[in-house]
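First the structure, which I've put down as structure tokens, then a few questions once you've had a look.
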Amino acid sequence: MDSEFKVTPWEVTGDIDYDLLQEKFGTSPIDAALVARLSKYGEVHPMIKRGIFYSHRDMNIILDEYDKGNRFMLYTGRGPSGNTHLGHMMPWMFNKWIQDTFDVPMYFQMTDDEKFLFKDMTLHETRNMAYENALDFIALGFNPEKTKIILNTKNIDKLYPIALKVAKKVTFSTAKAVFGFDNSTNLGQIFFTTMQSAPAFLASEEAGKPVPVLIPCGIDQDPHFRVTRDVAPGLGYPKPSLVCCKMFPGLSGADKMSSSDENATIYTTDSPKAVKKKVGRAFTGGCVTVEEQRANGGKPEICAVFKYNYYMFEKDDRKLDEMAEKCRNGEILCGECKMCLTEKINTFLEEHQAKREDAKEVIDSMTFDDFKW
Ligand code: TRP
């Protein structure tokens with residue numbers, strides 16, 4: 001069967017072969033040696049152990065510098081194109097673990113400009129969405145003293161001088177080769193990668209000396225940072241390091257949770273009833289009839305419900321193995337697993353939604369100029 005897939009910062013389709021993607025992009029696997037090294041700083045995050053954050057660029061340099069007492073800056077971001085769903089939260093949770101484990105400062109970039117340029121949205125809409133998304137980010141408990149949220153259209157004064165330096169080093173021919181731009185691409189889209197590069201160099205600008213930067217992100221963002229890394233030496237900045245994750249699966253069994261498929265997407269603001277309904281309809285690895293499943297067992301490896309446990313909701317490896325085993329043996333059926341997952345998600349969301357309300361009190365203090373949203 002033809003397994004065509006496509007992964008760009010703006011489009012993810014098909015059945016993704018993550019090893020092949022890593023090879024194509026030229027990132028390195030997070031191997032046993034790197035995991036062992038990470039374990040010296042604390043309990044390694046399940047997303048690393050389970051191969052969800054699976055690939056990197058120069059992560060060792062970050063740790064080398066850290067060991068010398070040179071703290072890095074953490075940088076990630078969000079393109080505010082719609083309400084936050086669990087797929088967006090996954091890498092943010094990982095970022096939170098890095099911030100806590102290494103006690104480092106962080107930038108969170110909200111690219112309202114990007115979504116204006118690439119989607120059918122007004123600037124007013126993308127900014128409002130940025131506010132909503134930022135609440136979810138803050139609710140995860142990032143250190144307000146050490147975390148700054150950048151809103152591109154608002155904090156352009158900080159970003160623009162850096163973006164210009166990047167822009168001057170990147171030709172249209174490079175942009176075309178990396179992103180596949182053509183004659184129908186608008187000027188803003190062509191320029192945009194410089195805006196996503198800017199926060200990678202902002203810490204060095206602010207400190208007046210080279211500051212190492214680690215960017216945890218979905219592997220789909222790698223093309224931007226390939227450009228960022230290429231221009232860094234010529235501008236006197238350190239190349240940012242990356243740690244990349246796979247896409248969070250959809251409930252429909254698709255490789256990526258996507259807002260365009262609302263019924264297969266769990267938003268952070270969903271009600272318990274909505275979650276129950278969506279999980280109830282999820283794609284599983286079960287059989288058509290109960291008898292068949294009792295006899296032959298299910299297939300956790302293709303089951304969206306199992307994937308949700310694997311990616312986010314079951315941190316205990318032993319329990320996860322048990323779940324897979326019981327499924328394969330036909331001991332548990334899909335209904336039971338769905339009920340269990342619904343409960344886990346709803347417990348998480350209830351707490352998250354309360355923290356999201358509290359976030360409204362601190363959001364203004366976490367922006368650069370303490371502006372009012
Ligand atoms: N382009 C990203 C998106 O569409 C947002 C983003 C900006 C980002 N800076 C980042 C993501 C740094 C990861 C790391 O979601």
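For ligands, and for the atoms within them, numbers begin at 1 and follow the listed sequence.
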I need the nearest protein heavy-atom contact for atom 11 (C) of ligand 1: residue, atom name and distance, please.
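Heavy-atom neighbour on the protein nearest atom 11 (C) of ligand 1: G77 O, 3.4 Å.
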Between R78 and ligand 1, does any nitrogen or oxygen pair lie at a separation below 3.5 Å?
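Such a contact does not occur with ligand 1.
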Name the residue from L349, I345, N346, T347 that meets the side chain to side chain contact (heavy atoms under 4.5 Å, CB included) definition with P272.
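Going through the options one by one, the only one that passes is N346.
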Go through R226 and D222 one step at a time and tell me if the salt bridge (charged side-chain N to carboxylate O under 4.0 Å, His left out) criterion holds.
CA-CA 6 Å; R226 238 148 46 211; D222 181 71; 2.8 Å; yes
With respect to Q221, determine whether any N or O atom, backbone or side chain, lies less than 3.5 Å from an N or O atom of ligand 1.
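Checking ligand 1 against Q221, an N or O pair does fall under 3.5 Å apart.
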Where's the contact between E114 and ligand 1, heavy-atom distance under 4.0 Å: side chain, backbone, both or neither?
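Side chain only.
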Quick one: which ligand 1 atoms are inside 4.0 Å of a heavy atom on C217?
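Per the distance check, 13 (C), 14 (C).
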Would I215 count as being in polar contact with ligand 1, using the rule that some N or O on each side must be under 3.5 angstrom apart?
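Checking ligand 1 against I215, no N or O pair falls under 3.5 Å apart.
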Measure from NZ or CZ of K165 to the centre of the six-membered ring of F201, then state whether that distance is under 6.0 Å and the direction lies within 45° of the axis.
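No, K165 does not lie over the aromatic ring of F201.
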Under 4.0 Å from a heavy atom of T76: give me the atoms of ligand 1 that qualify, with their elements.
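Ligand 1 atoms under the 4.0 Å threshold to T76: 10 (C), 12 (C), 13 (C), 14 (C).
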Considering only protein heavy atoms, which is closest to atom 7 (C) of ligand 1, and at what distance to one decimal place?
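Result for atom 7 (C) of ligand 1: Q109 OE1, 3.2 Å.
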Contact partition for Y107 relative to ligand 1, non-hydrogen atoms under 4.0 Å:
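Under 4.0 Å from ligand 1, Y107 contributes no heavy atoms.
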If you measure from each non-hydrogen atom of T111 to ligand 1, which part falls under 4.0 Å: side chain, backbone, both or neither?
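Contact part for T111 vs ligand 1: side chain (C-beta onward).
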Other residues, nucleotides and ligands only: do more than 12 of their heavy atoms fall within 6.0 Å of CG on D120?
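Result for CG/D120: open.
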Report, in ascending order of atom number, the atoms of ligand 1 lying under 4.0 Å from any heavy atom of K115.
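Contacts of ligand 1 toward K115, numbered from 1: 4 (O).
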Do K24 and F5 meet the cation-pi criteria used here (NZ or CZ under 6.0 Å from the six-membered ring centre, within 45° of the axis)?
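Yes; both conditions hold, so K24 lies above the ring face of F5.
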